[in-house]
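Written out below as structure tokens is the structure these notes cover.
Counting from 1, the numbers follow the sequence of the chain as shown.
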Amino acid sequence: MQSKSTKYIFITGGVVSGLGKGIVASSLGMLLKSQGYSVTIQKFDPYLNVDPGTMSPIQHGEVFVTEDGCETDLDLGHYERFLNQNLSRLNNVTSGMIFWDVLTKERRGDYLGKTVQIIPHVTNEIKSRIRAPLTNEYFDFVITEIGGTVGDIESLPFLEAIRQFQYQNREDCVHIHLTLVPHLSATGEFKTKPTQHSVKELREIGILANVIVCRSPEPLSFEIKEKIALFCDVAPEAVITSVDAASIYDVPLILENERLDAVVLNHLKMPIQPKKMAGWISFVEEIHKPNLSEVQVAIVGKYTQLSDSYFSVTESLSHAAAANHCKVLVKWVDSEEIEKNGADSYLKNVNGILIPGGFGGRGTEGKIAAAKYARENNVPYFGLCLGLHIAVVEFARNVLNLKEAHSTEFNEKTPDPIIHIMQDQKDVKKKGGTMRLGACDCKVEPGSRLYEAYQTPIISERHRHRYEFNNAYREQFEAAGMTITGTSPSGDLVEVVEIPSQKWFLACQFHPEFKSRPAQPHPLFSKFVAAAKG
Ligand code: GLN
């Protein structure tokens, strides 16, 4: 529901990638929301994939899944966690999506007689997406983060669209540019030149930044800020330092201290309101408490060199750690290393084992060995999606004695297909956005660990998979001590398995990590960390 009073905040980045635009966007959103404003955040990604669902996590980091089943950029995870609010498929836009829509319209004849061009057809499509989150809902602020770095060829259509949008809605827009101010240890100086060049590059495109957020290892002095202000044509108070932080959750407090929200509100002539941030502040205080007991959790996967691949998982563990008054130390274990050297050498001293989602056969046997180690040594085990498949295959092989049991994802010819393709996935040939995706209800067995965590008979969680537990094996599993404690409401689809005789052994078909929030840790992560701590 668009309204004249909606304000638009754009965030671009310069100098280098990876400065944390997503965290700045999320932090500002959180500071505005804590003042009672309604806020949404969207990400514009300049790549040509229609969505990141088909990209390797090594290339792109985690694929975050929304309630409505859209595979999105991991920044959407930050937005949801910082805003404590669900987002939707309208909040992530890629060049691929824009071109797809423009070309579909061209084929339909919507532009008959016209030459279809980047300007105005692509830029108009982008401009319509700036307002898209307002389709069903009113927001006081729409924050739009542009992926990539100013100067990239592929982000030019987005920047031109924003330039036009700002020209047409000048009073309602503010443009924040995030840059790097490096500190040279040899001379002890901060260097402002990269920032000047980046702002100049933006100006050549026709965009004047109103606020410069400078990522820097140390706070910038007023003199440095004045210098940046002079060269970048902004007020000195609109030069904000985003100093390197111990935790991403510190960033809203750092930026509040630098008055980022006040500068933005002043620019937009909106009132500054008192903030309600008690929950956030107590979470941040908890994670920084000294002398917290340490709990070591092994995450066994194949993308362990890049923690971005499992971002929501590690964030969920940190939320759960705060709730349990402890610190979770993540030990990244590459499952292929387990295949070479055995599970003992990597898992001997850990307090909990977590196997996250994944695709493809590489490293599978190492993950199965990790699940076996957890079961045989009574180490708390938490399996997420693929982590459920792994747990049941291990149980089939080593408890039910079905030695060749497997998932048909990894061995189509296995005599015991404990995990097989879902019925409605059998004829699916296309790869993009075709998995079982998004929120589905799950029925919870009373008296189970699952029930103990949620305390409610029906839950809803987000999914992203094609394979499922094979119902032909249900009875054998239950008789041998692995119980099915969560199913789809009809009872057809296995959603959760547990081994009640173990200290804590639970695996779910869904991805609980997408719903954990700093001040509302996910109940399954909390129980898993509690078990690991105990
Ligand atoms: N590869 C498995 C499937 O498609 C698991 C997916 C996942 O872990 N997200 O069912």
- Item | E339 side chain vs G366 backbone, donor-acceptor pair below 3.5 Å | yes
- Side-chain ion pair, E394 and R375, N-O less than 4.0 Å: yes
- Smallest heavy-atom separation, G357 atom then Y310 atom, equals O-CE2, 4.0 Å
- Side-chain donor or acceptor of N377 paired with backbone N/O of A374 under 3.5 Å: no
- Drop me the distance from S95's OG to F158's CZ, to the nearest 0.5 angstrom. 3.5 Å
- Query: Is there a donor in the side chain of N401 and an acceptor in the side chain of K403, or the other way round, less than 3.5 Å apart?
  - Reply: yes
- Output, in order, the C-alpha distance, side-chain angles, deciding distance and verdict of ring-ring contact (aromatic ring centres under 6.0 Å, His included) for F141 and Y8. CA-CA 6 Å; F141 293 94; Y8 301 87; 9.5 Å; no
- Message: Apply side chain to side chain donor-acceptor pair (under 3.5 Å) to residues H389 and E409 and explain how you reach the verdict.
- Response: CA-CA 10 Å; H389 300 178; E409 181 178 5; 4.6 Å; no
- Item | Heavy-atom donor-acceptor pair, Q425 side chain to T434 backbone, under 3.5 Å | yes
- Message: Tell me which pairs pass side chain to side chain donor-acceptor pair (under 3.5 Å) where either residue lies in residues 521-534, with sequence neighbours left out.
- Response: Y454-H522, E461-H522
- Query: Does the distance from a Lys or Arg side-chain N to an Asp or Glu carboxylate O, for K21 and D75, drop under 4.0 Å?
  - Reply: no
- Message: Using only atom types and a distance under 3.5 Å, with no angle test, would you say the side chain of Q520 pairs donor to acceptor with the backbone of S516?
- Response: no
- Message: Whether the side chain of T483 engages the backbone of T485 through a donor-acceptor N/O pair (distance < 3.5 Å, no angle test) should be reported.
- Response: no
- Query: How about H60 and D73: does a side-chain donor come under 3.5 Å of a side-chain acceptor?
  - Reply: yes
- Task: Please state whether the rings of F82 and Y249 are parallel, tilted or perpendicular, taking 30° and 60° as the class boundaries.
- Result: parallel
- Task: Indicate whether any N or O donor in one side chain lies under 3.5 Å from an N or O acceptor in the other, for N91 and T40.
- Result: yes
- Query: Any donor-acceptor pair under 3.5 Å linking the side chain of T487 with the backbone of V494?
  - Reply: no
- For the pair F64 and H78, evaluate ring-ring contact (aromatic ring centres under 6.0 Å, His included) and give the outcome as yes or no after the intermediate values. CA-CA 10 Å; F64 186 81; H78 296 312; 9.1 Å; no
- Give a yes or no answer on whether the side chain of E478 reaches the backbone of I484 with a donor-acceptor pair at less than 3.5 Å. yes
- Quick one: do R362 and E336 satisfy salt bridge (charged side-chain N to carboxylate O under 4.0 Å, His left out)? Show the steps, please. CA-CA 8 Å; R362 188 165 58 82; E336 286 184 294; 2.7 Å; yes
- Message: Keeping T66 on the side-chain end and S88 on the backbone end, is there a donor-acceptor pair under 3.5 Å?
- Response: no
- For the pair D344 and Y373, evaluate side chain to side chain donor-acceptor pair (under 3.5 Å) and give the outcome as yes or no after the intermediate values. CA-CA 8 Å; D344 284 36; Y373 182 93; 5.4 Å; no
- Message: Let me confirm one number: the CG-CG distance from L524 to L450, rounded to the nearest 0.5 Å.
- Response: 6.0 Å
- Can you check ring-ring contact (aromatic ring centres under 6.0 Å, His included) on F510 and H465, steps first, answer last? CA-CA 8 Å; F510 45 76; H465 66 119; 9.8 Å; no
- No-hydrogen, no-angle side-chain donor-acceptor test under 3.5 Å, Q85 and Y79: no
- Message: Given 3.5 Å as the limit, does a donor-acceptor pair link the side chain of T408 with the main chain of N411, or not?
- Response: no
- Task: Could you grab the distance from atom CG of L76 to atom CG of L83, nearest 0.5 Å is fine?
- Result: 10.5 Å
- Take Q35 and D261 through the side chain to side chain donor-acceptor pair (under 3.5 Å) test and state the conclusion after the steps. CA-CA 10 Å; Q35 296 179 45; D261 55 311; 2.9 Å; yes
- Item | Considering all heavy atoms, the nearest S407-V393 contact | N-CG2, 3.9 Å
- Hey, is E495 close enough to R436 for a salt bridge, meaning N to O under 4.0 Å? yes
- Task: Compare every heavy atom of V39 with every heavy atom of L32, then report the nearest pair and how far apart it is.
- Result: CB-CG2, 3.8 Å
- Query: Angle class for the Y381/F505 ring planes (parallel below 30°, perpendicular above 60°, tilted otherwise)?
  - Reply: parallel
- Task: I would like to know whether Y138 and D140 meet side chain to side chain donor-acceptor pair (under 3.5 Å); could you show each step before the answer?
- Result: CA-CA 7 Å; Y138 168 77; D140 296 317; 2.9 Å; yes
- Query: What's the shortest heavy-atom distance between S155 and P46, and which atoms?
  - Reply: CB-CG, 3.8 Å
- Query: Is the shortest distance from a Lys or Arg side-chain nitrogen in D45 or K43 to a carboxylate oxygen in the other one below 4.0 Å?
  - Reply: yes
- Message: Could you report the tightest heavy-atom contact between F514 and V63, atom names first, then the distance?
- Response: CZ-O, 3.5 Å
- Of F395, W504, F477, the residue whose pairing with I499 passes side chain to side chain contact (heavy atoms under 4.5 Å, CB included): F395
- Message: So that I can tick it off, tell me whether E71 and R464 are bridged by a salt bridge, with the cut-off set at under 4.0 angstrom between side-chain N and carboxylate O.
- Response: yes
- Message: Between R89 and D51, is the salt bridge (charged side-chain N to carboxylate O under 4.0 Å, His left out) condition met? List the steps.
- Response: CA-CA 10 Å; R89 58 180 64 249; D51 63 46; over 6 Å; no
- Task: Locate the shortest heavy-atom distance separating G387 from A507; write the atom from each residue and the value.
- Result: O-CB, 4.1 Å
- Query: Is there a donor-acceptor contact under 3.5 Å from the side chain of N470 to the main chain of A472?
  - Reply: yes
- Hey, does K275 have a side-chain heavy atom less than 4.5 Å from the side chain of L31? yes
- Message: Rounded to the nearest 0.5 Å, what separates atom CD in Q42 from atom OG1 in T72?
- Response: 12.5 Å
- Message: Please determine whether a side-chain nitrogen of the Lys or Arg among D101 and R129 lies less than 4.0 Å from a carboxylate oxygen of the Asp or Glu.
- Response: yes
- Message: Taking side chain to side chain donor-acceptor pair (under 3.5 Å) as the definition, give me every residue that meets it alongside R397, ordered by chain and number, with sequence neighbours left out.
- Response: E365, H406
- Task: Could you go through the side-chain contact (heavy atoms from CB on, under 4.5 Å) check for E404 and D416 one step at a time?
- Result: CA-CA 7 Å; E404 291 175 69; D416 288 299; 5.6 Å; no
- Rounded to the nearest 0.5 Å, what's the gap from CG on N398 to CG on L400? Could you check? 9.5 Å
- Task: With rounding to the nearest 0.5 Å, note down the distance linking OG in S242 to CD1 in I23.
- Result: 9.5 Å
- Item | Ring centers of F469, H420 separated by less than 6.0 Å | no
